[in-house]
Structure formats: structure tokens, C-alpha cells
Amino acid sequence: MIRVLVVHETRLLRSALASLLQDEGGIEAVAACWSSASGAARSFRPQVCVVDGDGVDPIPTAGPPGGPDCALLVLASACRPGVLQRALAAKARGFVNKDAPPDRLRHAVRQVAAGERYLDHSLARDLLNAADIPLTARELAVLRLVAKGAGVPEIAGELYLSKGTVRNYMAAINRKTGARNRVDALRISQAAGWV
């Protein structure tokens, strides 16, 4: 039996994904939001953690809530190489397009549970483009918070950085994107699909 933890912020979607996976014999699935994912992982001990890569909460760079023995499988939208770059930084073992048929997700779960990698063919170009993103995972995390309207103090608190470090990241982001300011950097990054 493959134990799968589905992490999604929307209750209806995480429940639907867990039900979809459980309909397949040999898979037991539990759903959780990000805030309760670690607790669910401790009690359930999943082999695979399926996460929404486009979600509000970023994929933790430490890997899946289930720990280092849990394979991370990321659901992503096409044309979002920034999501794939964050997933790679988190050592994701598999990537499934959100527009894929349900059987593809089941197949990916089985493959990553067996210790193999899985890449949805429709995300291959985006994965290659992820390597060309000039921003680091940390700089993308700063930009995601800028996109939410956070200022320097909020970003510093959320990412456990000093305000000066956040300003240094913003200066690097502006330099790498050729932007005049953080609003311009955000516009450029969103147009490229990085954020």
C-alpha cells in the first residue's frame, strides 16, 4: 500500500485529489493544508507527498512535510518555470501538469513511490526554462511576498532575514531583471512566468 499525503490549501481540491488517488487500488491518501501537513505526516508517515506548486504557500526548500524519505510530487501549471525551479530546489522527484488526466497523477505517484523520477512531458520545456531563470530560489521567495503586497519588514519576518538582507535581495533582483524598482521587477518576473 502506497501512503500519499496530498497538500493543498483548498479543502475541496485536496479532498478530491485524495479521493481520486484512493479510488486506485494500492494507494491510501490523506489530505491536509500546509499548516497541518507536518502533523499529518508525523502520524501518517507518507511515502509520497503531492503538493500544489502554484499554491499560496511556497514549497519548502527543506523538502516535503513527510521528511527526507518522502518523495515530493509537484502539481504545476504549464508556463510557470519559477514553480518548477522552486520544486527542483526542494528536491522534487516528480512533476505533473495540473491539466493532465487523472491516470497520469496515479502513474506518477506509483513511479516516485518506487524511487524513480517522473516528468510530465508537457512540462519538459518549462523545466528546461527553469534552468535559465537568473533569480535564486530565495530571490523568488522575496518576489512572491512582494506580489502579495508585503513590505521589507514583513518579508524579513516571513523569511527570517534582516531588513538589510531583504534590501540586498531586492537590489540583486532589480539588477538581474534590469528593473528600475521592485514593482518593475515583479512585472518582469510575472511576465516571464517566474513568479
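The figures here come from the full heavy-atom set of this structure, side chains too, leaving out hydrogens, waters and symmetry mates. Since the structure is predicted, the reported quantities are computational estimates derived from the model, not experimental observations.
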Checklist line | Sequence-distant partners of Asp69, salt bridge (Lys or Arg N to Asp or Glu O under 4.0 Å), two or more places apart | finding: none
Notebook entry, point to check: Are any side-chain N or O atoms of Ser36 and backbone N or O atoms of Ala32, one a donor and one an acceptor, separated by less than 3.5 Å?
Noted result: no
Note to self: What's the separation between atom CG in Leu73 and atom CZ in Arg110, rounded to the nearest 0.5 Å?
What the structure shows: 13.0 Å
Notebook entry, point to check: Is the side chain of Gln22 donor-acceptor paired with the backbone N or O of Ala29 at a distance under 3.5 Å, no angle test?
Noted result: yes
Next item on the list: Can you spot which of Arg86, Lys98, Arg14 makes a salt bridge (Lys or Arg N to Asp or Glu O under 4.0 Å) with Asp52?
Entry: Lys98
Next item on the list: State whether the side chain of Arg3 and the backbone N or O of Arg45 hold a donor-acceptor pair below 3.5 Å, judged by distance alone.
Entry: yes
Item checked: Residues forming a ring pair (Phe, Tyr, Trp, His ring centres under 6.0 Å) with Tyr118, sequence neighbours excluded -> His107
Notebook entry, point to check: So, the side chain of Arg182 versus the backbone of Met170: is there a donor-acceptor pair under 3.5 Å, distance only?
Noted result: no
Margin query: Let me check something: do Ile27 and Val74 share a hydrophobic cluster, defined by ILVMFWY side-chain heavy atoms less than 4.5 Å apart, either directly or through other members?
Written below: no
Check: Side chain of Asp126, backbone of Cys79: donor and acceptor closer than 3.5 Å?
Finding: yes
Notebook entry, point to check: Is there a donor-acceptor contact under 3.5 Å from the side chain of Asn97 to the main chain of Ser122?
Noted result: no
Margin query: Strictly distance-based, threshold 3.5 Å: is any side-chain N or O of Arg117 a donor or acceptor partner for the main-chain N or O of Ala92?
Written below: yes
Check: Going hydrophobic residue to hydrophobic residue with side-chain gaps under 4.5 angstrom, can you get from Leu145 over to Ile188?
Finding: no
Check: Going hydrophobic residue to hydrophobic residue with side-chain gaps under 4.5 angstrom, can you get from Val6 over to Phe44?
Finding: no
Next item on the list: Verify the cluster assignment for Val7 and Leu88: are they in a single hydrophobic cluster under the rule of side-chain heavy atoms below 4.5 Å apart?
Entry: yes
Checklist line | Backbone of Gly151 reached by a side-chain donor or acceptor of Glu154 within 3.5 Å | finding: yes
